[in-house]
2 protein chains.
Amino acid sequence: MSAPPTTDTKTLILDAAEILFVEKGFEGASLRSVVAKADVNIAAVHYHFGSKESLIQAVLARRLEPINRERLERLAILRKDTPKGELQLEDVLRALFEPAFRMAGSGAPGSNDIVRLIGRIFSEPSHSLQLFLRDRFREVFDNFTSAFREILTDLPDLDFYWRIHFMLGAMCHTLCDRERPVLLSGGVCDVESQDEVLEQLVAFVAGGLRAQSTGKKRLS
Amino acid sequence: MSAPPTTDTKTLILDAAEILFVEKGFEGASLRSVVAKADVNIAAVHYHFGSKESLIQAVLARRLEPINRERLERLAILRKDTPKGELQLEDVLRALFEPAFRMAGSGAPGSNDIVRLIGRIFSEPSHSLQLFLRDRFREVFDNFTSAFREILTDLPDLDFYWRIHFMLGAMCHTLCDRERPVLLSGGVCDVESQDEVLEQLVAFVAGGLRAQSTGKKRLS
DNA sequence: GTCTATAGAACGATAGAC
DNA sequence: GTCTATCGTTCTATAGAC
């Protein structure tokens with residue numbers, strides 16, 4: 001309640017950069033376009049962040065940190081409230097997806113943009129960014145992979161890891177593009193409804209994860 | 001047999017641009033880096049392609065055209081060889097996926113790179129590129145959507161279109177990143193085996209498409 | 001912490017000779 | 001069809017005054 005209503009330069013820069021990175025990509029958006037939108041001086045970016053790459057990481061970290069923390073918290077709560085060996089696949093999927101998708105419906109400024117950015121980060125070609133993300137996601141990945149492994153006990157390792165990969169693909173693609181489902185479906189899909197997209201994604205991915213194994217490595 | 005063994009400038013530029021676009025992204029790769037790699041003059045790019053944007057479209061069109069043509073051919077053959085109403089989901093999925101994934105195993109120079117580029121195009125922020133792609137994919141999308149609709153007769157429209165979207169996400173993400181499955185699985189997944197990834201993807205997507213409807217719109 | 005000014009390099013694009 | 005030369009712009013980054 002005592003937080004000052006004025007927004008400091010650092011936040012102004014982060015907000016502007018976030019929107020422009022979504023619209024133009026990390027390479028396509030220049031620092032100059034960022035400071036123009038934020039209405040601050042170009043030198044302020046280097047003072048507060050040091051370089052464009054550090055700004056990119058700061059933009060991502062600001063959003064990813066609370067999302068990934070909530071994911072881990074929700075998984076921990078699930079584990080606490082569930083008897084050993086009775087984790088439900090759909091519950092774990094919701095714990096993983098919902099923190100990211102909910103942000104799009106939060107109404108916060110730029111919140112509808114940032115999910116698109118989060119969906120796109122895994123397909124960014126920059127090596128340094130990929131290393132940065134690997135660190136940021138390691139804990140979430142390890143914990144959720146363990147949970148899924150406990151549930152999908154009958155699945156061979158080969159099938160299991162491929163399907164984890166496909167699941168991430170469906171999630172990222174859906175975060176990334178909020179318009180295509182509406183266009184392709186002629187308006188049937190409602191991208192404004194976070195519950196709709198979440199439940200649809202959970203149903204699809206759960207079906208994919210539970211599909212019968214191809215069994216290629218089970219002939220031995 | 002009478003094709004000259006020398007590679008013309010236009011092809012040299014396309015080959016170099018393709019690889020650099022994969023490594024650095026469309027914005028991150030400059031025309032100057034392209035001509036340096038192709039060992040041609042900077043002016044040659046503008047002579048042959050007119051602009052960087054036209055070069056990007058030419059790079060994509062060269063690979064997408066044969067892939068999408070093969071997709072349509074395979075679907076047409078499937079329809080011809082299958083009695084009405086008996087199309088198999090897995091067969092249609094293979095007709096859609098295989099032409100793209102096979103390219104990675106073709107051994108042709110740069111073929112392992114271009115699939116990553118194809119996987120990434122849908123998450124590119126450029127509006128003009130999205131319009132270009134919409135045109136290039138319309139026929140494939142319409143034909144395959146019809147085929148899927150004939151097979152998944154029990155699925156409400158809402159679920160159907162969402163799942164088409166999720167399917168594209170799993171496909172693009174898998175094309176895009178040829179390394180992550182190997183890393184995440186500790187070497188269990190073999191990204192060199194095109195058959196393995198194809199069959200795994202078909203099994204996952206088929207399971208997702210066939211999952212029970214969430215039924216939210218079936219209460220009426 | 002914010003500003004002006006500018007360095008120093010890279011960018012896409014073009015003109016015109018050959 | 002390919003070249004050199006260069007235009008005009010934009011880029012990231014920094015130095016130094018306030």
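Naming convention: chains lettered A, B, ... in sequence-line order (proteins, then strands); numbering from 1 in each chain. Reckoned from all heavy atoms, side chains included, excluding hydrogens, waters and symmetry mates.
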What is the distance, to the nearest angstrom, from the CD atom on B/Glu53 to the P atom on C/dC11?
18 Å

Is the B/Phe21 ring parallel, tilted or perpendicular to the B/Phe26 ring (thresholds 30°, 60°)?
perpendicular

Check the angle between the aromatic planes of B/Phe144 and B/Phe148 and answer parallel, tilted or perpendicular using the 30° and 60° thresholds.
tilted

Tell me: CD1 of A/Ile13 to P of C/dG1, nearest whole Å?
12 Å

Whole angstrom value for the distance that separates C1' of C/dA10 from NZ of B/Lys52
11 Å

Quick one: is B/His46 getting a side-chain N or O under 4.0 Å of the C/dA13 phosphate, OP1 or OP2?
yes

Provide, to the nearest angstrom, the distance between the CG atom belonging to B/Leu20 and the P atom belonging to C/dG12.
12 Å

Does A/Glu139 have more than 12 heavy atoms from other residues, nucleotides or ligands lying within 6.0 Å of its CD?
no

Measuring centre to centre across the rings, with the benzene-like ring taken for any Trp, is A/Phe122 within less than 6.0 Å of A/Phe137?
yes

Show your reasoning for whether salt bridge (Lys or Arg N to Asp or Glu O under 4.0 Å) applies to B/Glu27 and B/Lys52.
CA-CA 10 Å; B/Glu27 297 280 351; B/Lys52 185 178 182 180; 5.1 Å; no

Rounded distance in Å - CG (A/Leu55) to P (D/dC11)
14 Å

Can you tell me how far P of D/dT10 sits from CG of B/Leu31, to the nearest Å?
17 Å

Rounded to the nearest angstrom, tell me the gap between atom CD1 in B/Ile56 and atom C1' in C/dG12.
12 Å

All N/O contacts under 3.5 Å from nucleotides 2-5 of chain C to the protein, with atom names and distances to one decimal?
from, atom 1, to, atom 2, distance (Å)
C/dT2, OP1, A/Thr9, OG1, 2.7
C/dT2, OP2, A/His48, NE2, 2.7
C/dC3, OP2, A/Asn41, N, 3.4
C/dT4, OP2, A/Asn41, ND2, 2.9

Hey, which of these two, A/Gly50 or A/Ser33, hits DNA chain D nearer its 5' end, going by closest nucleotide?
A/Ser33

Side-chain N or O of B/Ser30 closer than 4.0 Å to phosphate OP1/OP2 of C/dC11:
yes

Compute the ring centroids of A/His173 and B/His173, then answer whether they are less than 6.0 Å apart.
no

